[in-house]
Protein chains: 2
Amino acid sequence: MGRVQTFDTAEAVRAARAVFWAHGYEDASIPALEAATGLRRSSIYHAFGSKRGLFDAAVGSYLDEVVRPRLRPLTAERVEPDAILDYLRGLRGALERAGSFASENGCLLVNTAGAPIAHDQTVRKTVADYRAELHHAIAVGLRAHLPDLPDDRRDRLADACTGLVVSAFALTRVDNAGALRSLDAALDLIAAAD
Amino acid sequence: MGRVQTFDTAEAVRAARAVFWAHGYEDASIPALEAATGLRRSSIYHAFGSKRGLFDAAVGSYLDEVVRPRLRPLTAERVEPDAILDYLRGLRGALERAGSFASENGCLLVNTAGAPIAHDQTVRKTVADYRAELHHAIAVGLRAHLPDLPDDRRDRLADACTGLVVSAFALTRVDNAGALRSLDAALDLIAAAD
DNA sequence: ATAGTTTTGGAACGATCATTTCAATAAGGT
DNA sequence: ACCTTATTGAAATGATCGTTCCAAAACTAT
């Protein structure tokens with residue numbers, strides 16, 4: 001055994017994640033990634049192989065540390081009846097804070113969906129899987145909130161809520177007020193289904 | 001008067017528009033724009049000043065030739081009761097055709113919303129205005145379809161439909177089926193409000 | 001035809017991009 | 001303390017980026 005890695009991989013990926021999140025894959029330059037992670041090119045290439053490798057790691061970290069923790073109350077063993085409302089309100093709160101990272105940058109994966117790198121097959125699948133995961137969590141949350149709603153109606157309501165969450169993410173950077181209206185519309189739909 | 005411009009400006013802008021639409025602002029290279037328009041750099045820079053100038057022209061052309069024609073039946077003097085349904089179904093039809101330009105590339109402005117260039121103030125406003133225009137047209141269409149619906153309820157329904165249209169555009173490149181579900185959810189909401 | 005003006009082709013610009021290379025450095029394991 | 005192996009710093013690679021420049025070509029107006 002020789003020298004051991006001095007930096008924390010997860011920490012470096014988190015730092016890179018923020019850069020990709022804010023600037024997108026193509027505009028996240030190696031110098032910017034160096035500055036954010038505190039690593040030199042050589043270390044980055046040694047640890048992740050390529051810019052793309054680092055991006056993939058960042059996406060994995062985003063799913064594990066950002067997306068899924070937020071979704072957990074909706075997918076846990078026992079789901080509280082108001083978990084879906086808490087989720088949407090929590091998201092609204094995050095997007096509401098003017099100048100916050102979330103309100104300025106939305107969702108890493110939704111941004112990616114419209115970016116050039118989305119022509120890549122693997123990336124497409126990642127984003128599509130993310131949408132499915134989001135939809136599933138929302139559907140489970142709706143079942144706990146509205147146990148008497150027929151399955152097909154609940155699934156349609158989940159489609160609407162999922163779409164509205166996606167649109168809030170897609171819009172927030174450019175039209176924060178519009179993004180909040182999307183989330184309010186989702187909360188309204190759920191209230192109306194009671 | 002000297003030599004007159006040999007190419008058709010509107011035609012060149014249309015060609016450039018397709019490049020920006022498919023690849024995004026930052027990944028639309030000058031060589032690609034030259035190839036698409038059939039113009040040399042010098043002509044492009046002479047006519048539009050910069051890549052950004054060409055992009056702005058492309059966005060204007062997109063609004064005038066793509067967005068507003070589609071929205072016209074919703075904003076005309078007389079609005080047919082089913083105009084809003086026709087709009088959503090027409091959009092669905094366009095996104096449904098696998099491999100079509102629309103299904104592969106969504107909306108130029110929604111893609112732009114998540115791209116790096118969206119940090120530019122002017123671009124932000126353009127996209128926000130677009131969303132407002134879309135929302136207004138949808139609200140007018142809903143008024144013709146559901147004249148008895150109270151104003152506040154109609155406005156909320158318009159928020160939901162607008163958001164779902166945006167999410168369909170945001171998703172289609174990466175998850176076409178998910179995009180269609182968003183539009184179906186919008187059609188469902190309108191049907192349920194009858 | 002000629003003069004005057006604009007467009008155009010082609011080459012060159014400096015800047016920045018992602019990636020590679022390699023020697024110097026650092027830190028286990030023995 | 002030594003040897004081995006991995007990490008790191010720094011410089012260089014070739015490619016491509018958006019932009020500029022200028023002389024040659026093209027066309028209108030007189």
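Note that the coordinates shown come from a computational prediction; the quantities given were computed from them, not determined experimentally. Proteins come first, then strands; the chains are lettered A, B, ... in the order of their sequence lines, and each starts at number 1. Computed from heavy atoms alone, side chains included, the values below leave out hydrogens, waters and symmetry copies.
- Rounded to a whole Å, the CZ atom of R40(A) is 5 Å from the P atom of dG9(D).
- Comparing T6(A) and T6(B), the nucleotide of DNA chain C nearest to each residue sits closer to the 5' end for T6(B).
- T172(B) places a side-chain N or O within 3.5 Å of a backbone atom of S103(B) that can act as its donor or acceptor partner.
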query = Nucleotide by nucleotide, 5' to 3', does protein get under 4.0 Å of the base (B), only the sugar-phosphate (S), or neither (-) in nucleotides 11-22 of chain D, counting heavy atoms?
reply = B-----SSBB--
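- No continuous path of ILVMFWY side-chain contacts below 4.5 Å connects V79(B) to L157(B), so the two sit in separate hydrophobic clusters.
- In this structure, S43(B) reaches the dT8(C) phosphate: one of its side-chain N or O atoms is under 4.0 Å from OP1 or OP2.
- By the side-chain hydrogen bond (donor to acceptor under 3.5 Å, both in side chains) test, D86(A) pairs with no residue at all, sequence neighbours left out.
- Rounded to whole Å, atom P of dG9(D) lies 12 Å from atom CD of Q5(A).
- What separates NE2 of H46(A) from P of dA26(C) is a distance of 17 Å, to the nearest Å.
- Both L95(A) and W21(A) sit in one connected hydrophobic cluster of ILVMFWY residues. Membership requires side-chain heavy atoms under 4.5 Å apart, directly or through other members.
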query = Does the side-chain contact (heavy atoms from CB on, under 4.5 Å) test come out yes or no for F20(A) and Y62(A), once each step is laid out?
reply = CA-CA 11 Å; F20(A) 287 124; Y62(A) 180 74; over 6 Å; no
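- A salt bridge links R78(B) with E80(B): the closest approach of a Lys/Arg side-chain nitrogen to an acidic carboxylate oxygen falls below 4.0 angstrom.
- Rounded to a whole Å, the CG atom of L39(B) is 19 Å from the P atom of dT6(C).
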